[in-house]
**Q** 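Below is a structure I'd like to ask you about.
Values in this document were obtained by computation on a predicted structure and should not be read as measured data. When reading the values below, keep in mind they use all heavy atoms of this one structure, side chains included, and skip hydrogens, waters and symmetry mates.
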Amino acid sequence: MNEPERILSILSEEIVPAQGCTEPIAIAYAGAKLTEELGSVPDEVRAYLSGNMIKNVKSVKIPASGGMVGIEAAVSMGVLLGDAKQEMMVIANADQSRLPEVEAYVKAGKVTSCFEHTNEKLYIRLEGVKGSDKAVVEIQKYHTNITRLEKNGVSEKLAKGCGSSDETMTDDSFLTIDLIYDTADKIELSLIEPLLSEVIECNSAIAEEGLKNQWGIGIGKTIKEGIEEGVYGDDLKNNITAFTAAGSDARMNGCAMPVMTTSGSGNQGMTCSLPVIKFCEMKNIPRDRLIRGLFFSHLTAIHIKTLIGRLSAYCGAMASCAGVSGAFAYLDGLSLEKIKTAVSNTLGTVSGIICDGAKSSCACKIAAGISFAFDSYVAAKKGRALLSGEGIIGTSAEKTIENVGTLAAEGMLETDEVTVNIMMKE
């Protein structure tokens, strides 16, 4: 593939619809595949999960489940009510009248969860038994990347695009902010508009739901109410922050509305898109520029996440915040150097926010990150920048991104382990 084709391939792979938090949904998907392999619902299931999977499933509410949380509930929803053909929408059409069956399956102890000690951050292996039949479903690296499918010791041929190799997705290591900036201006709009229009429609809808109704801590709704009450100023920054956080409020607390994900995360997908959507709405920026701004924010976030990895102790939404800061600058017509400054300023400030699992506080972290992403853009516009050698700030934006990757993939390994251990005790 040539460069433009690779970029379009990356977008189509990384920006996909999902219902609910992607980690429990991936487990539910594995559960649905297990039932598919066995031909009926297993009598019992053992779930072997990496620490990061456990961390991101422990406290987040599963959509269409009546408010259930946890590994056992995610597996049970998948094996009983899931449709594997729908992948990350696996339980979107779950029969709500059958939820008592799911609850009974969980209470009967049909599912046992185990901590799998592996270097793979995203790892799921479900082993199920039905009578004398046994089946295994294994997922690694990406949420729907099945690397093992086995029944009674016989391995199934994997579908095209599945497997343990990193080649299951398009290599994005060639991306740079320079290339993203150049492509955002030049790419034929018709090539990216259909996908990014879906992003606008889906993600805006769940943000509006989060502002309208109470979901979890409701930090987005809280900020919006604060604006109306005069506690906060009715300005661009606060409205952007409220709108973005509200989407995460709803999603983390079981809202069944789908979102368009980025880099395997709905929170990252919403963080890449909602601030840009609200920014363009409030500044009356034309739709064609909105589409190009979304292209910039999503692709920059994907670029930053490449070295961080799918799951980490580093809060992935902060990579999205950096992409958004650059997108604000891009949409404001700032120079490439100031766009890079906005990205670096953001990364140099919010990179200390840790991921301690998917839950209500994700919305709070996103609110904090987006608030500073806006400040970072304004500072860059005034020519103010964090300097090379100040903490993790490198000699260039690309070097800063590389430093963030090292921090997340290497420096935060022990943080990840300690965080998981704390969470498993609670």
Side-chain angles (χ1 to χ4, degrees), residues 14-29 32 56-57 59-69 73-74 77-78 81-83 85-97 99 102 143-144 194-224 240-278 281 294 298 316-317 320 358-364 366-367 370:
E14 296 283 12
I15 305 176
V16 297
Q19 182 196 42
C21 178
T22 49
E23 279 68 61
I25 293 300
I27 291 173
Y29 170 64
N56 281 337
V57 179
S59 304
V60 68
K61 291 182 180 176
I62 302 164
S65 72
M68 286 187 276
V69 300
M77 285 291 292
L81 306 182
D83 178 2
K85 295 180 182 63
Q86 298 299 312
E87 296 193 337
M88 295 303 284
M89 298 290 286
V90 60
I91 54 174
N93 299 313
D95 183 350
Q96 298 295 289
S97 69
L99 288 180
V102 177
H143 293 79
T144 57
L195 178 63
L196 294 175
S197 291
E198 193 173 356
V199 168
I200 295 168
E201 182 179 354
C202 268
N203 293 359
S204 295
I206 198 169
E208 293 292 352
E209 169 61 28
L211 290 175
K212 182 179 178 181
N213 295 306
Q214 185 65 42
W215 293 93
I217 191 172
I219 193 66
K221 185 177 176 65
T222 298
I223 296 170
K224 183 65 174 175
I240 285 171
T241 303
F243 189 61
T244 307
S248 182
D249 283 323
R251 182 171 171 273
M252 291 292 94
N253 288 281
C255 180
M257 298 172 73
V259 302
M260 296 298 285
T261 67
T262 302
S263 298
S265 165
N267 275 336
Q268 289 170 50
M270 289 186 293
T271 306
C272 279
S273 58
L274 293 171
V276 178
I277 294 165
K278 183 58 71 173
E281 176 193 319
L294 288 170
H298 280 85
S320 297
K359 63 215 168 312
S360 281
S361 69
C362 291
C364 302
I366 289 168
I370 286 300

**Q** Tell me, do Arg251 and Cys21 make a side-chain contact under 4.5 Å, heavy atoms counted?
**A**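 A side-chain contact under 4.5 Å exists here.
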
**Q** If you count the non-hydrogen atoms of other residues, nucleotides and ligands that lie under 6.0 Å from CG in Asn213, is the total more than 12?
**A** yes

**Q** Please walk me through it: do Lys278 and Glu281 pass salt bridge (charged side-chain N to carboxylate O under 4.0 Å, His left out)?
**A** CA-CA 5 Å; Lys278 183 58 71 173; Glu281 176 193 319; 3.3 Å; yes

**Q** Which heavy-atom pair separates Gly264 from Glu14 by the least distance, and what is that distance?
**A** N-OE1, 4.2 Å

**Q** Looking at OG of Ser248 and CG of Asn203, how far apart are the two atoms once the value is rounded to the nearest 0.5 Å?
**A**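 The OG atom of Ser248 sits 11.5 Å away from the CG atom of Asn203.
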
**Q** Can you name the closest pair of heavy atoms from His298 and Ser273 and give their distance?
**A**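 Answer, listing the atom of His298 first, then Ser273: CE1-CB, 3.7 Å.
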
**Q** Within this structure, what is the CD1-CG distance for the pair Ile206 and Leu211, rounded to the nearest 0.5 Å?
**A**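 So the gap between those two atoms works out to 11.5 Å.
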
**Q** Do Thr271 and Thr262 have side chains that approach each other closer than 4.5 Å (heavy atoms only, starting at C-beta)?
**A**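 In short, these two side chains do not touch, never coming nearer than 4.5 Å.
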
**Q** Report yes if some heavy atom in the side chain of Leu99 is under 4.5 Å from a heavy atom in the side chain of Met77; otherwise report no.
**A**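 Heavy-atom side-chain distance check passes, below 4.5 Å.
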
**Q** Tell me if a side-chain donor or acceptor on Asn56 pairs with a main-chain N or O of Glu23 at a distance below 3.5 Å.
**A** no

**Q** Are Met260 and Leu195 side-chain neighbours, meaning at least one heavy-atom pair lies under 4.5 Å?
**A** yes

**Q** Of all the heavy-atom pairs spanning Gly220 and Asp249, show the shortest one and how long it is.
**A**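 Result for this residue pair: N-OD2, 2.8 Å.
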
**Q** Has Lys221 got a side-chain atom pairing as donor or acceptor with Ala246's backbone, closer than 3.5 angstrom?
**A**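 Flag not set: sc Lys221 to bb Ala246 has no pair under 3.5 Å.
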
**Q** Answer yes if the side chains of Ser97 and Asp95 hold a donor-acceptor pair under 3.5 Å, and no otherwise.
**A** yes

**Q** At their closest point, which heavy atom of Met88 faces which heavy atom of Ala26, and how far apart are they?
**A** CE-N, 4.3 Å

**Q** Supply the atom-to-atom distance Thr261 OG1 to Gln19 CD, rounded to the nearest 0.5 angstrom.
**A**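 Thr261 OG1 to Gln19 CD: 13.0 Å, rounded to 0.5 Å.
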
**Q** Step by step, would you call Ser59 with Val69 a side chain to side chain contact (heavy atoms under 4.5 Å, CB included)?
**A** CA-CA 6 Å; Ser59 304; Val69 300; over 6 Å; no

**Q** If you measure from CE on Met270 to OG on Ser265, what distance do you get to the nearest 0.5 Å?
**A**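 Here the rounded value is 7.5 Å.
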
**Q** Using a 6.0 Å cut-off, check whether atom CD1 of Ile217 has over 12 heavy atoms from anything other than its own residue.
**A**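 No, because the 6.0 Å sphere around CD1 of Ile217 holds 12 heavy atoms or fewer from other groups.
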
**Q** How long is the straight-line distance from CD1 of Ile25 back to CE of Met89, given to the nearest 0.5 Å?
**A** 9.0 Å

**Q** Could you go through the side chain to side chain contact (heavy atoms under 4.5 Å, CB included) check for Asp83 and Asn93 one step at a time?
**A** CA-CA 8 Å; Asp83 178 2; Asn93 299 313; 5.7 Å; no

**Q** Can you find a heavy atom in the side chain of Ile91 that is under 4.5 Å from one in the side chain of Ile62?
**A**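 Touching, per the 4.5 Å side-chain cut-off.
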
**Q** Could you give the distance from CG (Asn267) to OG1 (Thr22), rounded to the nearest 0.5 Å?
**A** 8.5 Å

**Q** Show the nearest heavy-atom pair for residues Phe243 and Ile277, with the distance to one decimal.
**A**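 Looks like CE2-CG2, 4.4 Å.
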
**Q** Of the non-hydrogen atoms in Ala245 and Ala367, which two are nearest, and what is the gap between them?
**A** CB-CB, 4.0 Å

